[in-house]
Amino acid sequence: MRKAEIEQLLAAALAARERAVAPYSRFKVGAALLTAQGEIVTGANVESASYGLTCCAERVALFKALTEGRRDFLAVAVVADLPRGATPCGACRQLLAEYAPEAAVYVADSNQPAQWREFTVRQLLPEAFDHFEGGK
Ligand code: THU
């Protein structure tokens, strides 16, 4: 992806991060997905008093996009207030491997978005379990 497109996607993730609902951890994360049609779908983490129900920014963005009919994803940007940024958790890696296997993953510190790191979904989750045949 071109630098300007990556920066635009990171900017969308930064804006989404402001809308995080993280009253427990106070750790705000923003994510932005780019579709093959050039649309950007954003998400932010949403926490629950029942902590385990928390949903990460990446999955919020992915679930929004999928349920709005988007299927083909070129990239996802993730920003958080952490040196070098926060890479997606294991659960999000699984969902990305299933629904955005070809997406480039851009991760950045929200204070230094110009210094992103780039990964492939396969790098983040090699040998992913991504489909199954019917039971025997
Ligand atoms: N979180 C994300 O939204 N994405 C990540 O990649 C890492 C963690 C959220 C979940 C929780 O609301 C908070 O960050 C602390 O774990």
Side-chain angles (χ1 to χ4, degrees):
M1 257 169 72
R2 288 185 300 116
K3 188 166 172 272
E5 290 175 309
I6 297 167
E7 285 170 351
Q8 191 189 4
L9 197 63
L10 286 161
L14 284 169
R17 180 175 171 272
E18 297 301 319
R19 299 186 286 273
V21 184
Y24 303 104
S25 74
R26 305 212 177 273
F27 186 69
K28 295 181 171 192
V29 184
L33 278 164
L34 177 67
T35 73
Q37 288 70 40
E39 299 156 315
I40 290 176
V41 181
T42 63
N45 53 326
V46 180
E47 298 182 344
S48 167
S50 178
Y51 292 176
L53 301 184
T54 290
C55 195
C56 295
E58 297 92 322
R59 267 176 293 155
V60 170
L62 194 57
F63 292 160
K64 278 175 64 183
L66 290 169
T67 55
E68 287 170 0
R70 275 76 165 193
R71 283 290 180 277
D72 207 358
F73 303 108
L74 300 180
V76 57
V78 185
V79 295
D81 183 7
L82 196 70
R84 306 186 79 218
T87 52
C89 80
C92 291
R93 292 179 194 209
Q94 175 66 30
L95 271 294
L96 288 169
E98 291 180 54
Y99 295 107
E102 305 302 331
V105 183
Y106 298 101
V107 172
D109 177 347
S110 54
N111 305 297
Q112 293 186 307
Q115 290 176 27
W116 68 78
R117 291 186 289 156
E118 178 175 355
F119 302 92
T120 64
V121 172
R122 278 187 201 85
Q123 271 179 307
L124 296 178
L125 188 63
E127 304 292 341
F129 175 71
D130 57 6
H131 72 283
F132 61 90
E133 309 300 336
K136 284 182 187 158

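Computed from a predicted model, the values in this text were never measured in an experiment.
Side-chain heavy atoms closer than 4.5 Å link hydrophobic residues (I, L, V, M, F, W, Y) into clusters, and following such links, even through other members, never connects L9 to F119. Note on L14: it does not cluster hydrophobically with V78, by side-chain heavy-atom contacts below 4.5 Å among ILVMFWY residues. Under the 4.5 Å side-chain heavy-atom criterion for grouping Ile, Leu, Val, Met, Phe, Trp and Tyr, L124 is connected to V107 within one hydrophobic cluster. Hydrophobic clustering (side-chain heavy atoms under 4.5 Å, transitive across Ile, Leu, Val, Met, Phe, Trp, Tyr) keeps L82 apart from V79. Using a 4.5 Å cut-off between side-chain heavy atoms of Ile, Leu, Val, Met, Phe, Trp and Tyr, with links allowed through other members, V29 and F63 fall into the same hydrophobic cluster.
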Verify side chain to side chain contact (heavy atoms under 4.5 Å, CB included) between T35 and D72, making sure each step is shown before the conclusion.
CA-CA 6 Å; T35 73; D72 207 358; 5.9 Å; no
What's the verdict on side chain to side chain contact (heavy atoms under 4.5 Å, CB included) for D109 and Q115, showing C-alpha distance, side-chain angles and the deciding distance?
CA-CA 8 Å; D109 177 347; Q115 290 176 27; over 6 Å; no
Apply side chain to side chain contact (heavy atoms under 4.5 Å, CB included) to E18 and S110, showing your working.
CA-CA 11 Å; E18 297 301 319; S110 54; over 6 Å; no
Would E102 and R122 count as a salt bridge (Lys or Arg N to Asp or Glu O under 4.0 Å) if you check the C-alpha gap in whole Å, the side-chain angles of each, and the deciding distance to 0.1 Å?
CA-CA 8 Å; E102 305 302 331; R122 278 187 201 85; 2.9 Å; yes
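With salt bridges taken as basic N to acidic carboxylate O contacts below 4.0 Å, one links K3 and E7.
Residue L62 comes nearest to L96 through the heavy atom pair CD2-N, 4.2 Å, listed as atom of the first residue, atom of the second, then distance. Across all their heavy atoms, L66 and Y99 have their closest contact at CD1-CG, 3.8 Å. Pairing each heavy atom of D130 with each of A97, the nearest pair is CB-O, 4.4 Å. Heavy-atom minimum distance, A12 versus T42: O-CG2, 3.8 Å. The nearest pair of heavy atoms linking A100 to V121 is O-CG2, 3.3 Å. Shown here for F27 and N45, the closest heavy-atom pair between the two residues is O-ND2, 2.8 Å.
When atom types are taken as modelled, the side chain of E47 and the backbone of Y24 share a donor-acceptor pair closer than 3.5 angstrom. Using a distance-only test at 3.5 Å, with no hydrogens or angles considered, no donor-acceptor pair links the side chain of R19 to the main chain of A44. At least one donor-acceptor pair under 3.5 Å links the side chain of R17 to the backbone N or O of K28.
Between the side chains of T87 and R93, at least one donor-acceptor pair of N or O atoms lies under 3.5 Å.
Within a 6.0 Å sphere centred on CD of E68, other residues, nucleotides and ligands contribute more than 12 heavy atoms. Q94 CD: more than 12 foreign heavy atoms inside a 6.0 Å radius. Remark: R84 CZ is loosely packed, at most 12 non-hydrogen atoms of other residues, nucleotides or ligands lying under 6.0 Å away.
Atom CD of E118 is separated from atom OG1 of T120 by 8.5 Å, given to the nearest 0.5 angstrom. From D81, atom CG reaches atom CZ of R26 across 14.0 Å, with rounding to the nearest 0.5 Å. In this structure, CD on Q37 lies 9.0 Å from CZ on F73, to the nearest 0.5 angstrom.
Looking at heavy atoms from C-beta onward, E58 lies out of side-chain contact with L95 at the 4.5 angstrom threshold.
Ring geometry for W116 against Y106 counts as perpendicular: the plane angle is over 60°, on a 0 to 90° scale with 30° as the lower cut.
Only one option out of L34, V41, L33 pairs with R70 in a side chain to side chain contact (heavy atoms under 4.5 Å, CB included); it is V41.
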